[in-house]
Protein chains: 2
Amino acid sequence: MGKTAGLDRNDVVTAALDLVEREGPGALTMRRLATDLAVATPTIYWHAGSRDELVAEVVRAQSRRFAERPVEGTTPRARVLSAAMNMYLGSIEHRAITSLAHQSGTASVLAHPLEVAIVAELEAAGLTGEACAEASRAILMAITGALVLALRDPSRIPAEHRPANLWAGSDAAVSAETRAALGAEADLDAIARTTISAVVDHFVPARARSRRGAA
Amino acid sequence: MGKTAGLDRNDVVTAALDLVEREGPGALTMRRLATDLAVATPTIYWHAGSRDELVAEVVRAQSRRFAERPVEGTTPRARVLSAAMNMYLGSIEHRAITSLAHQSGTASVLAHPLEVAIVAELEAAGLTGEACAEASRAILMAITGALVLALRDPSRIPAEHRPANLWAGSDAAVSAETRAALGAEADLDAIARTTISAVVDHFVPARARSRRGAA
DNA sequence: ACCTGAACACCGTTCAAGT
DNA sequence: ACCTGAACACCGTTCAAGT
């Protein structure tokens, strides 16, 4: 049947985004998506081009969605940290699309609007040009590391590779007390905040060096 | 032919590691590996179990190989940073296996020996137990972020998604000067060092708080 | 114990053919 | 312009069968 299914490129992208959010990045196959849209597989190609193109569109679509989170705080450091945590927490909230973006090398696209907010706060704190770029890249590094560690799927890691097991082995160079602490569960959100904060504080002076108007 | 090929589990793992180092993680398929070993595909399964098991073994094998890099520096901060940079630089040196480990969720296994060295330096700097674990996790976050950004394959990122393009668009909130700096090429090794150093300095006091003998 | 040919259930992608 | 059936070249994995 189906001379025309009335499908839109946008419908395909939206369906793909829904699929990923509901069932994870692994569920996004061209055949599965076609089934969800009650259409034959090549139809997806007609609308979306290829899987890579589709994934890029999905990431762009989500990217547009989390543009606006309010930045809080009164000191420059607090505001930059707030903007940075917006990126971390927003990405965690949409962990499936974030994972997809990391796998497909489009993480920078996904994070761009959140990064703009960070850079804007850095400028408000008095950093511009090269200094601002360096600070923003360092902060992005910290956030990226935090995300990668926080988004690791524990169920995919076999028991023998888990920290508790890795550190239980007799590492002569490390005390038993520390080994025990390293084997225990970690509060990654808290460590993320501490780490990102350390990097922010390294680049942003405790007090703003200049004040900027709306221009 | 081939009643027996004289194949060993170890031969399979070694061949897999070679293959990954020569042609990247994408080249590691069971059929390709079988061809390299002049054997039929199911033979790989007989020796290695499954692809996941094989990848885990490959990562463990590489992990054993880069245990020993000398830690340099005289102050605690310098020594911790040196150990941390050993992990960053060692991973970059074996980027193909590092990528494979990240994809397969075995990054912690690969990095373990290098992490032991970092933890040992943290203890030498006077941090033990919970405090030591927190510091080491934060440092690992910074290193992980640095690695992910440094190992991104530029050729896989389409031109339109590259920083230069992302920042060229009129982001009203950011000055033109800063946009230009953000669009330019970055020295990721230098930024990695700065970022990791900022995190190390946050946890390790400028002077050691206690001295430890060889015991 | 060690190895193989053949098959199964998946992928992404293409293409001639239909309306 | 929009959609499909059928096929191609790949995957990981299994299994009966050989020596």
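Order of the sequence lines sets the chain letters (A, B, ...), proteins ahead of strands, with each chain counted from 1.
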Item to complete: Please list all pairs passing the salt bridge (Lys or Arg N to Asp or Glu O under 4.0 Å) test where one or both residues lie in residues 85-107 of chain A, with sequence neighbours left out.
Response: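 Only R69(A)-E93(A) qualify under salt bridge (Lys or Arg N to Asp or Glu O under 4.0 Å).
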Worksheet item: Does P25(B) have any side chain to side chain contact (heavy atoms under 4.5 Å, CB included) partners at least two apart in sequence or in another chain, and if so, which?
Response: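 Expected list: A96(B), S99(B), L100(B), Q103(B).
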Practice prompt. Can you see which heavy atom on S91(B) is nearest to which on T98(B), and at what distance?
Written response: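 Result for this residue pair: O-OG1, 2.9 Å.
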Practice prompt. Please name the pair of heavy atoms, one in R156(A) and one in G105(B), separated by the smallest distance, quoted to 0.1 Å.
Written response: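 Minimum heavy-atom separation between R156(A) and G105(B): NH2-N, 4.0 Å.
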Worksheet item: Nucleotide by nucleotide, 5' to 3', does protein get under 4.0 Å of the base (B), only the sugar-phosphate (S), or neither (-) in nucleotides 6-14 of chain D, counting heavy atoms?
Response: BB---BBBB
Practice prompt. Output the single nucleotide from dT4(C), dA1(C), dA1(D) whose closest atom is nearest the side chain of W46(A).
Written response: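 Nearest to the side chain of W46(A) among the choices is dA1(D).
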Discussion item. Under a 3.5 Å threshold, yes or no: a donor from one side chain and an acceptor from the other, between D52(B) and S50(B)?
Written reply: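 Result is no, nothing qualifies.
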Discussion item. Defining pairs by Watson-Crick or G-U wobble geometry with both distances under 3.5 Å, how would you list the stems of DNA chain C with at least three pairs each?
Written reply: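 Runs of three or more consecutive pairs: C:4-8 with D:12-16, C:12-16 with D:4-8.
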Worksheet item: Mind checking what makes ring pair (Phe, Tyr, Trp, His ring centres under 6.0 Å) contact with H94(B), not counting sequence neighbours?
Response: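 Only F66(B) meet the ring pair (Phe, Tyr, Trp, His ring centres under 6.0 Å) criterion with H94(B).
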Worksheet entry | Contact under 4.0 Å: H47(B) side-chain N or O vs dC3(C) OP1/OP2 |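 For dC3(C), OP1 or OP2 has a side-chain N or O of H47(B) closer than 4.0 Å.
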Worksheet item: dA1(C) C1' sits how many Å from L7(B) CG, rounded?
Response: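 L7(B) atom CG is separated from dA1(C) atom C1' by 13 Å.
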Give every donor-acceptor pair under 3.5 Å between a side-chain atom in residues 110-121 of chain B and any protein atom, sequence neighbours left out.
| residue | atom | partner | partner atom | Å |
| --- | --- | --- | --- | --- |
| H112(B) | NE2 | L166(A) | O | 3.4 |
| H112(B) | NE2 | D171(A) | OD2 | 3.2 |
| E121(B) | OE1 | R79(B) | NE | 3.0 |
| E121(B) | OE2 | R79(B) | NH2 | 3.1 |

Discussion item. Show, in sequence, the C-alpha distance, side-chain angles and deciding distance for S175(A) and T178(A), and conclude whether the side-chain hydrogen bond (donor to acceptor under 3.5 Å, both in side chains) test is met.
Written reply: CA-CA 5 Å; S175(A) 76; T178(A) 301; 3.0 Å; yes
